[in-house]
Amino acid sequence: MTRFNWTCESTDGNARAGTLHTAHGPVATPTFMPVGTVGTVKAMTMDAVRSTGAGIVLGNTYHLMLRPGAERVRQLGGLHKFMDWSGPILTDSGGFQVMSLGALRKLDQDGVTFKSHIDGSTHRLTPESSTDIQHALDATITMCFDECPALPAPPEIIAKSMRLSMRWAARSREAFVHREGYGQFGIVQGGTETDLRAESVKALTDIGFEGYAIGGLAVGEGQELMFATLDTTVPLMPQNAPRYLMGVGTPDDLLGSVMRGVDMFDCVMPTRAGRTARAYTERGTLNLRNARHAGDARPISPHCDCLACSRHSRAYLHHLFRANEILGPMLLTWHNIAYYQRLMRQIRQAILEGRLETLATQLRAEWAAEDWTEDEMPQPVIPSVP
Ligand SMILES: [Zn+2]
């Protein structure tokens, strides 16, 4: 059996290239985890997700406990079998989703009582029940149940919330069933307050986890403040454990965060954008609903080997979105996940070769550049094999 741990292969500045070893196989880091909230990466088959090079996906406690129910998933052999993903799965604890319910939830020192967004039925999550549910789902990585206030908030509110989350982290750890190759991550809170983040890191490392996440960022504070918080928080985190920045972000957010020592990311951006006709490319984003793509025989990107780029034109994608055809979101989600995975591979390779700064300068210049000209990308898409 594989012991759950993270090994570092190379560093470049604060950036790290490593490997996460788990019961469900290894994952090269830095890594981007496609979001599979309800047991599916929306509009993707798991074979398609695999084909992009994704090594680990997310599931969500809140959604899966309500439907189809954690016990049902357990009876059907766990989430890996249920959704046909043999690689590692990280499950969010449900804390963030429950807090987002606003008036539909009631917080106390012991946990949260809330009404289901599906049928209004009343449910309760505590650090213990969230951990038990993630165990029933057979999550490779279990997250601590925490509370995160919306930013901006006064420091005293953030402090109170962070200290509650730290008490819940200790209870989550108590409830965690240790198994070979499985891990549990603590979540650093404290908003953008340096001293509170430091207090949170200390509380979590005193408890001891297999990995550490940074929560409560990318909630409206802006990139500059997020990076400033990483600058002061990440150096305090253990060197020998994986670091996961939750809910981030754009390609530029990922690059900047890797350069500050983050190893793992998740975000709905590439999948959500794929359903709304927005394509991520080396030259920034494209809106495929835009009329300028109506007659464009070129692929979305000349550097992409996804199904959308290897077999279809921008014009076809444009047509699918204009006609509200379901294949549009399917192809474009595939493309966006493929782009994110390609970006992470590029970044990892640059860390291994000690040229991340050079790559960063190049990537930023490309993102800011105009779309490829006809001269730069003259070839139309190769027609499908009959
Ligand atoms: Zn593509």
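Order of appearance sets the numbers: ligands from 1, and atoms from 1 within every ligand.
- The cationic group of Arg124 does not satisfy the cation-pi geometry with Phe114, failing either the under 6.0 Å distance to the six-membered ring centre or the 45° limit from the ring axis.
- Contacts of Arg16 classified as side chain to side chain donor-acceptor pair (under 3.5 Å), with partners at least two apart in sequence or in another chain: Asp263.
- The stretch residues 246-259 participates, sequence neighbours left out, in these salt bridge (Lys or Arg N to Asp or Glu O under 4.0 Å) pairs: Asp252-Arg364.
- Of all protein N/O/S atoms, those under 2.8 Å from the Zn ion (ligand 1) are Cys304 SG, Cys306 SG, Cys309 SG, His335 ND1, and waters are not counted.
- Looking at residues two or more places apart in sequence or on another chain, you find no side chain to side chain donor-acceptor pair (under 3.5 Å) involving Ser165.
- Between Phe4 and Phe185, the ring-plane angle classifies as perpendicular under the 30° and 60° cut-offs.
- By the 30° and 60° cut-offs, the orientation of the rings of Tyr339 relative to His335 is parallel.
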